[in-house]
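This report refers to the structure that appears directly beneath it.
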Amino acid sequence: MAKTIFERLHAGETIAHSDPDFVLVHEACSETTAGLIAYNKETDMQASRILLSGILGREIPESTFVAKPFHINYGKKLCLGHNIYINMNCTMLDLGGITIEDDVLIAPNVSISSEGHPIEPELRGHLFGKSVHISRGAWLGMGATILPGVTIGRHAVVAAGAVVTSDVPDNAIVAGIPARIIKMIESKTSP
């Protein structure tokens, strides 16, 4: 059985915008945008949770909070754990898949992208997906950018404004463009 374009993107395949199924991506993203307009206008917490759960296609745990405005392009490949706090004006491009585990803190204006374009000029009109994984207890500082294919380790800290282009180990603090380890956290608690 042939994979859908969404399964192909999630699997890391590079797909041309001229692919006959690419219109399905545009349609799905337009549907998500319509749902987000309603979500970002809603003032009731429970109604907001129901709206966002509908966009994501799965229930959001009661302990997880997503501040508004919130921006995603697809939503169906965004998995949120328990006890997550996502502050305002965050953007998540999730066609390649984004998993955010329990106890994660995300500051305002953070961008997470699980999709991108090849650097070769003749292929730039193509799109690829590479999943992003934010591990339990991580903290992403204000304005941080997480690029496709990155895993942020358990209890790691990404400094404000950092651009993360490669995996971050557990208990590391990274900063800069591109982000580099500046310190390791010696935790007094168990992982």
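Excluded from the calculations below are hydrogen atoms, water molecules and symmetry mates; all remaining heavy atoms, backbone and side chain alike, are included.
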| task | Could you pull out all residues at least two apart from K41 that satisfy side-chain contact (heavy atoms from CB on, under 4.5 Å)? | result | I37

Cluster check [X], [Y]: I/L/V/M/F/W/Y, side chain < 4.5 angstrom:
| X | Y | answer |
| --- | --- | --- |
| V164 | I98 | yes |
| L9 | I146 | no |
| V157 | I84 | no |
| I112 | W139 | no |
| I72 | L93 | no |

Residues 50-60 side chain polar contacts: donor-acceptor under 3.5 Å, at least two apart:
| from | atom 1 | to | atom 2 | distance (Å) |
| --- | --- | --- | --- | --- |
| S53 | OG | R49 | O | 2.8 |
| S53 | OG | I60 | N | 3.0 |
| R58 | NH1 | L56 | O | 3.4 |
| R58 | NH1 | L78 | O | 2.6 |
| R58 | NH2 | K76 | O | 3.3 |

| task | Go through the structure and list residues passing ring pair (Phe, Tyr, Trp, His ring centres under 6.0 Å) with H117, not counting sequence neighbours. | result | none

| What class does the angle between the rings of F65 and Y85 fall in, given that below 30° is parallel, 30 to 60° is tilted and above 60° is perpendicular? | parallel

| task | Consider only side-chain N and O atoms of D103 and H155, and report whether a donor and an acceptor are under 3.5 Å apart. | result | no

| message | Could you go through K77 and S131, starting from their C-alpha distance and side-chain angles, then the distance that decides it, and tell me whether this counts as side-chain hydrogen bond (donor to acceptor under 3.5 Å, both in side chains)? | response | CA-CA 9 Å; K77 295 292 183 183; S131 64; over 6 Å; no

Side-chain donor/acceptor of [X] to backbone N/O of [Y], under 3.5 Å:
| X | Y | answer |
| --- | --- | --- |
| D94 | G75 | yes |
| R124 | I119 | yes |
| N83 | D102 | no |
| E42 | D44 | yes |
| D19 | I15 | no |
| N171 | A156 | no |
| S135 | I152 | yes |

| Quick one: does M92's side chain get under 4.5 Å of F70's, heavy atoms only? | yes

| said: Go through it in stages, so that I can follow the logic: the residues are F6 and H10, the test is ring-ring contact (aromatic ring centres under 6.0 Å, His included), and I'd like the CA-CA distance, side-chain angles, deciding distance and then a yes or no. | reply: CA-CA 6 Å; F6 303 103; H10 189 70; over 10 Å; no

| task | Any chance you could measure H126, atom NE2, to H17, atom NE2, to the nearest 0.5 Å? | result | 9.0 Å

| Does CE belonging to M184 count more than 12 external heavy atoms closer than 6.0 Å? | yes

| Heavy atoms of other groups near E7 CD, more than 12 under 6.0 Å | yes

| Minimum heavy-atom distance Y74-A28, with the two atoms named | CE1-CB, 3.7 Å

| Do R136 and E101 pass the salt bridge (Lys or Arg N to Asp or Glu O under 4.0 Å) test, and can you show the C-alpha distance, the side-chain angles, and the key distance before you say yes or no? | CA-CA 5 Å; R136 182 182 189 128; E101 292 185 359; over 6 Å; no

